[in-house]
Participant: 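I'd like to ask some things about the structure below.
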Protein chains: 2
Amino acid sequence: MHKPLKAVDPYGPARRSAARMLIAQAVDATSGAFTASELAEGLASAGNGVGLATIYRALSAMEESGYVVRVGARGEAALFARCGRDGHHHHAVCTGCGAVEHVECHLDQTVGAAATGNGFTITDHEMTIFGVCKTCN
Amino acid sequence: MHKPLKAVDPYGPARRSAARMLIAQAVDATSGAFTASELAEGLASAGNGVGLATIYRALSAMEESGYVVRVGARGEAALFARCGRDGHHHHAVCTGCGAVEHVECHLDQTVGAAATGNGFTITDHEMTIFGVCKTCN
DNA sequence: GGGCATGTGAGAACGATTCTCACTTATACC
DNA sequence: GGTATAAGTGAGAATCGTTCTCACATGCCC
């Protein structure tokens with residue numbers, strides 16, 4: 001079902017609480033990208049109500065440990081996804097099913113070079129890519 | 001002072017009200033990227049108080065007519081900039097002075113090709129680039 | 001087992017943005 | 001120039017995602 005993912009500890013050296021374990025399971029059970037409130041709904045409908053604040057805290061802990069990444073935004077809400085891949089890259093999100101595709105970052109060779117041609121030094125960048133996956137196509 | 005910009009009507013065929021003219025002037029007087037509330041502050045401190053709702057409405061009218069573009073976000077707030085350049089491209093924003101640099105988009109040739117290799121069709125993408133400009137460097 | 005640092009939950013707070021509604025005004029038409 | 005009216009305005013309420021607060025609960029180390 002899942003592609004093999006880098007085995008990363010969801011929370012690093014932090015404490016293993018019941019709520020955080022439920023949240024990590026819910027994240028693993030989700031095949032694509034999700035928002036914090038979708039996660040909350042999923043947990044609630046499975047009878048595991050977890051406070052929204054707790055979910056946000058768990059998500060930022062997971063983000064910090066590299067277990068999940070922010071892959072863009074759906075409307076106003078931040079979109080997260082499980083990512084175990086190493087190295088700098090971006091994510092394309094399928095607008096149909098939410099599937100996430102890893103995308104190499106060519107900024108350094110292309111856009112970066114173009115920008116620095118004007119004496120501009122890029123320090124940070126973010127890319128949000130939406131599309132339609134093979135299955136939904 | 002300014003690079004020559006494509007002469008675009010700020011509001012298209014819409015009505016020329018006093019408030020909108022003030023807002024367009026404030027946008028023109030700003031050399032780099034700005035948020036809606038920065039624009040509001042600037043207008044207020046110049047003695048031209050304009051309602052925030054009006055500024056948002058004017059900005060979306062300007063965005064629609066292509067007079068300004070959304071170049072990313074500073075914290076939670078959307079970052080706008082005057083852009084008269086044709087064709088698809090992105091914008092790099094200097095974190096020091098807010099200066100905006102146009103950046104070619106190489107997504108179609110590079111990232112796009114990589115993604116579609118997996119059967120993924122990219123329909124939409126956004127890029128936010130931050131850095132330091134020649135002057136601030 | 002005890003102590004305490006850390007996590008939790010509910011709800012308030014926050015900030016950006018949008019909406020509402022009564023009022024004003026630019027513009028088209030006479 | 002006068003008038004009708006569609007479009008814009010302003011103030012403030014509403015909305016929505018996210019973060020903060022605070023009292024309480026609980027993992028983990030000794």
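A note on names: the letters A, B, ... follow the listed sequences, proteins ahead of strands, and every chain is numbered from 1. Note: hydrogens, waters and symmetry copies are ignored here, and every other heavy atom, side chains too, is used. A quick note: this is a predicted structure, and the numbers were derived from the prediction, not measured.
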Participant: Starting at CE of B:Met62 and ending at P of D:dG8, how long is that distance when rounded to a whole Å?
Facilitator: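 Whole-Å distance recorded here is 13 Å.
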
Participant: Nearest whole Å is fine: how far is D:dG17 P from A:Arg70 CZ?
Facilitator: 14 Å

Participant: A:Leu79 or B:Thr54: which one's nearest nucleotide on DNA chain D is closer to the 5' end?
Facilitator: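 On the 5' side of the pair lies B:Thr54.
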
Participant: Nearest to the B:Tyr56 side chain among C:dA10, D:dG8, C:dT17, which nucleotide is it?
Facilitator: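 Comparing C:dA10, D:dG8, C:dT17 against the side chain of B:Tyr56, the answer is C:dT17.
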
Participant: Which is more 5' along DNA chain C, the nucleotide nearest A:Gly51 or the one nearest B:Ala18? Just name the residue.
Facilitator: A:Gly51

Participant: Measure from the side chain of A:Arg15, starting at C-beta and using heavy atoms only, and say which of C:dT8, D:dG8, C:dT6 lies closest.
Facilitator: C:dT6

Participant: Quick one: label B:Ala53 by what it contacts on the DNA or RNA (base, sugar-phosphate, nothing), any heavy atom closer than 4.0 Å.
Facilitator: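 Touches a base.
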
Participant: Would you kindly give the CG-to-C1' distance between B:Asn48 and D:dT9, to the nearest whole Å?
Facilitator: 15 Å

Participant: Using a 6.0 Å distance limit plus a 45 degree cone around the ring axis, check whether B:Arg82 lies over the aromatic ring of B:Tyr67.
Facilitator: yes

Participant: Remember a base hit wins even if backbone is also touched, and classify B:Ala78 as base, sugar-phosphate or nothing at under 4.0 Å, heavy atoms.
Facilitator: sugar-phosphate

Participant: Taking only N and O in the side chain of A:Arg16, is any of them less than 4.0 Å away from OP1 or OP2 of C:dT6?
Facilitator: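 No.
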
Participant: Roughly how many Å is it from CD in A:Glu38 to P in D:dC16, rounded to a whole number?
Facilitator: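 These atoms are roughly 15 Å apart.
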
Participant: Using atom CG of B:Leu52 as one end and atom P of C:dT20 as the other, report the distance to the nearest whole Å.
Facilitator: 17 Å

Participant: Send over the distance from B:Tyr11 OH to D:dT9 P, rounded to a whole Å.
Facilitator: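 Rounding to the nearest Å, OH of B:Tyr11 and P of D:dT9 are 8 Å apart.
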
Participant: Judged by atom type as modelled, is there a donor-acceptor pair below 3.5 Å linking the side chain of B:Ser65 to the main-chain atoms of B:Gly12?
Facilitator: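 Side chain of B:Ser65 to backbone of B:Gly12, a donor-acceptor pair under 3.5 Å: no, none is there.
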
Participant: Using whole Å, report how far CG of B:Leu59 lies from C1' of C:dA16.
Facilitator: 13 Å

Participant: Of the listed nucleotides (D:dT26, D:dG10, C:dT8), which one gets closest to any side-chain atom of A:Ala19?
Facilitator: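 Nearest listed nucleotide: C:dT8.
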
Participant: Minimum heavy-atom separation for A:Ala33 and A:Arg74, please, with both atom names.
Facilitator: O-NH2, 4.2 Å

Participant: Among the candidates C:dT8, D:dA11, C:dG9, find the nucleotide nearest to the side-chain atoms of A:Val50.
Facilitator: C:dG9

Participant: Tell me which of B:Ala36 and A:Ala58 sits closer to the 5' end of DNA chain C, going by the nucleotide each one is nearest to.
Facilitator: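 Its nucleotide being nearer the 5' end, the pick is A:Ala58.
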
Participant: Just compare C:dT8, D:dG8, D:dT18 and give me whichever is closest to any side-chain atom of B:Ser17.
Facilitator: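 From the listed options, D:dG8 comes nearest.
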
Participant: Could you state the CG-C1' distance from B:Leu22 to D:dG10, rounded to the nearest angstrom?
Facilitator: 14 Å

Participant: Quick one: which of C:dT17, D:dG10, C:dT8 gets closest to the side chain of B:Arg57?
Facilitator: D:dG10

Participant: Would a distance-only check, ignoring hydrogens and angles, find a side-chain to backbone donor-acceptor pair under 3.5 Å from A:Thr128 to B:Glu126?
Facilitator: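 No, because the side chain of A:Thr128 does not come within donor-acceptor range (under 3.5 Å) of the backbone of B:Glu126.
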
Participant: Give a yes/no verdict on a cation-pi contact between B:Arg16 and B:Tyr11, requiring under 6.0 Å between NZ or CZ and the six-membered ring centre and an angle within 45° of the axis.
Facilitator: no

